[in-house]
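What follows is a single structure, and I will ask about it in a moment.
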Amino acid sequence: MQWNTETMTWAVVALLLFAAEAMAPGAFMLWLGFAAAAVFAIVLLVPDVPLLAQIAAFVVLSFVSIQVYRSWFRGREPRSDKPTLNRRADALIGRVVPLERAIVNGLGRVQIADAFWDVTGPELPAGTVVRIVGHRGMSLLVEPAV
């Protein structure tokens with residue numbers, strides 16, 4: 001085992017990536033840090049590895065570690081019991097409300113609580129009761145309620 005400049009460089013890169021993850025968490029820099037730590041261990045145990053091979057190993061290990069995260073850890077996150085929380089337009093799907101303003105040329109308006117929403121749907125007069133069936137951006141998609 002040798003502590004040379006290349007070995008120390010990979011140790012510093014790994015520590016900087018771990019610190020960046022601690023400062024701005026998002027689980028991305030963490031996996032790059034693991035790749036840098038692995039290259040550090042390789043260079044520490046096999047000191048004659050060429051620099052190009054070290055960089056290639058870092059790139060490959062970064063890719064592999066991020067794929068491990070995406071396939072193994074990301075899929076195991078718990079499902080929310082409130083999937084529409086902070087997704088206001090999704091939470092409105094299925095509601096039945098009267099049109100505040102008639103739908104003319106495919107555009108109209110409804111009032112839900114204290115907010116006005118633009119709606120898209122078939123030509124309907126003001127006051128018609130409509131059901132919200134979806135959304136496109138911040139515009140709700142409606143159809144006449146039965």
Side-chain angles (χ1 to χ4, degrees), residues 1-122 124 129-145:
M1 285 191 256
Q2 259 184 331
W3 288 90
N4 56 22
T5 306
E6 290 175 348
T7 308
M8 292 303 293
T9 300
W10 286 111
V12 169
V13 168
L15 290 174
L16 287 174
L17 287 167
F18 290 140
E21 178 68 24
M23 297 298 288
F28 186 77
M29 294 295 186
L30 177 68
W31 299 96
L32 297 177
F34 287 147
V39 174
F40 161 72
I42 291 168
V43 173
L44 186 62
L45 296 173
V46 184
D48 296 330
V49 178
L51 181 60
L52 187 58
Q54 294 173 28
I55 294 170
F58 175 70
V59 169
V60 169
L61 289 171
S62 295
F63 178 77
V64 168
S65 65
I66 290 171
Q67 293 307 316
V68 166
Y69 163 71
R70 289 181 66 204
S71 63
W72 182 258
F73 292 103
R74 199 177 227 183
R76 296 179 183 263
E77 294 172 354
R79 297 272 184 235
S80 172
D81 59 336
K82 296 182 181 182
T84 59
L85 183 64
N86 295 328
R87 295 172 57 191
R88 182 79 171 135
D90 287 333
L92 296 175
I93 294 175
R95 293 217 23 201
V96 177
V97 295
L99 283 173
E100 174 75 21
R101 189 170 61 204
I103 299 178
V104 179
N105 294 327
L107 298 174
R109 178 183 247 187
V110 295
Q111 181 176 2
I112 301 172
D114 61 345
F116 290 95
W117 290 79
D118 291 330
V119 295
T120 304
L124 295 169
V129 179
V130 295
R131 178 179 315 280
I132 301 167
V133 294
H135 67 89
R136 203 173 284 131
M138 292 302 294
S139 180
L140 302 175
L141 305 173
V142 298
E143 62 184 24

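Here, residue 1 is the first one in the sequence, and each next residue gets the next number.
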Q.
Check this for me: Phe63, atom CZ, are more than 12 non-hydrogen atoms of other residues, nucleotides or ligands nearer than 6.0 Å?
A. no
Q.
Within this structure, what is the CZ-NE2 distance for the pair Arg88 and His135, rounded to the nearest 0.5 Å?
A.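 Here the rounded value is 12.0 Å.
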Q. Do you know which two heavy atoms are closest between Val13 and Ala36, and how far apart they sit?
A. CG1-CB, 3.9 Å
Q) Parallel, tilted or perpendicular for Phe34 and Phe18, by the 30°/60° rule? A)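 The rings of Phe34 and Phe18 stand perpendicular, inter-plane angle above 60°.
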Q. Is there side-chain contact between Met138 and Asp118, with heavy atoms separated by less than 4.5 Å?
A. no
Q.
Assess the residue pair Val64 and Gln67 against the criterion (side chain to side chain contact (heavy atoms under 4.5 Å, CB included)); give the C-alpha distance rounded to whole Å, side-chain angles, the decisive distance to 0.1 Å, and a yes or no.
A. CA-CA 5 Å; Val64 168; Gln67 293 307 316; 5.8 Å; no
Q. What are the two closest heavy atoms between Ala14 and Ala37, and how far apart are they?
A.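 Reported closest heavy-atom pair: CB-N, 3.7 Å.
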Q.
Give me the atom names and distance for the closest heavy-atom approach of Gly121 to Ile103.
A. O-CG2, 3.4 Å
Q: Check the pair Val97, Val130 against side chain to side chain contact (heavy atoms under 4.5 Å, CB included), reporting the backbone distance first and the verdict last.
A: CA-CA 6 Å; Val97 295; Val130 295; 4.2 Å; yes
Q | Minimum side-chain heavy-atom gap Val110-Arg95 below 4.5 Å | A | no
Q) Does any pair with a residue in residues 107-117 pass side chain to side chain donor-acceptor pair (under 3.5 Å), and if so which ones, sequence neighbours excluded? A)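 Pairs touching residues 107-117 that pass the test: none.
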Q) Judged by atom type as modelled, is there a donor-acceptor pair below 3.5 Å linking the side chain of Gln54 to the main-chain atoms of Val49? A) yes
Q.
Test of understanding: with side-chain contact (heavy atoms from CB on, under 4.5 Å), list the residues that count as partners of Pro144, not counting sequence neighbours.
A. Pro122, Leu124
Q | Euclidean distance, Leu44 CG relative to Asn4 CG, rounded to 0.5 Å | A | 9.0 Å
Q. So how far is it from Leu141 CG to Arg131 CZ, rounded to the nearest 0.5 Å?
A.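 Result: 14.5 Å between the selected atoms.
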**Q.** Close side-chain approach of Leu32 and Ile66, heavy atoms under 4.5 Å
**A.** yes
Q: Name all residues meeting the side chain to side chain donor-acceptor pair (under 3.5 Å) criterion together with Thr9; count only those two or more places apart in sequence or in a different chain, and write none if there are none.
A: none
Q. Closest approach of Met29 and Ala20, non-hydrogen atoms and distance?
A. CG-CB, 4.2 Å
Q) Under 4.5 Å between any side-chain heavy atoms of Val142 and Val133, yes or no? A)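 No, too far: nothing below the 4.5 Å cut-off.
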Q. Do you know the tightest heavy-atom contact between Ile55 and Trp10?
A. N-CZ2, 4.3 Å
Q: Examine distances only and state if a side-chain atom of Ser65 and a backbone atom of Trp31 form a donor-acceptor pair shorter than 3.5 Å.
A: yes
(Q) If I take atom CD1 from residue Ile112 and atom CD from residue Glu100, how far apart are they, to the nearest 0.5 angstrom? (A) 11.0 Å
**Q.** Heavy-atom pair with the smallest gap, counting every atom of Leu30 and Glu21
**A.**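 So the minimum-distance heavy-atom pair works out to N-OE1, 3.2 Å.
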Q) Are there more than 12 heavy atoms of other residues, nucleotides or ligands under 6.0 Å from atom CG of Leu51? A) yes
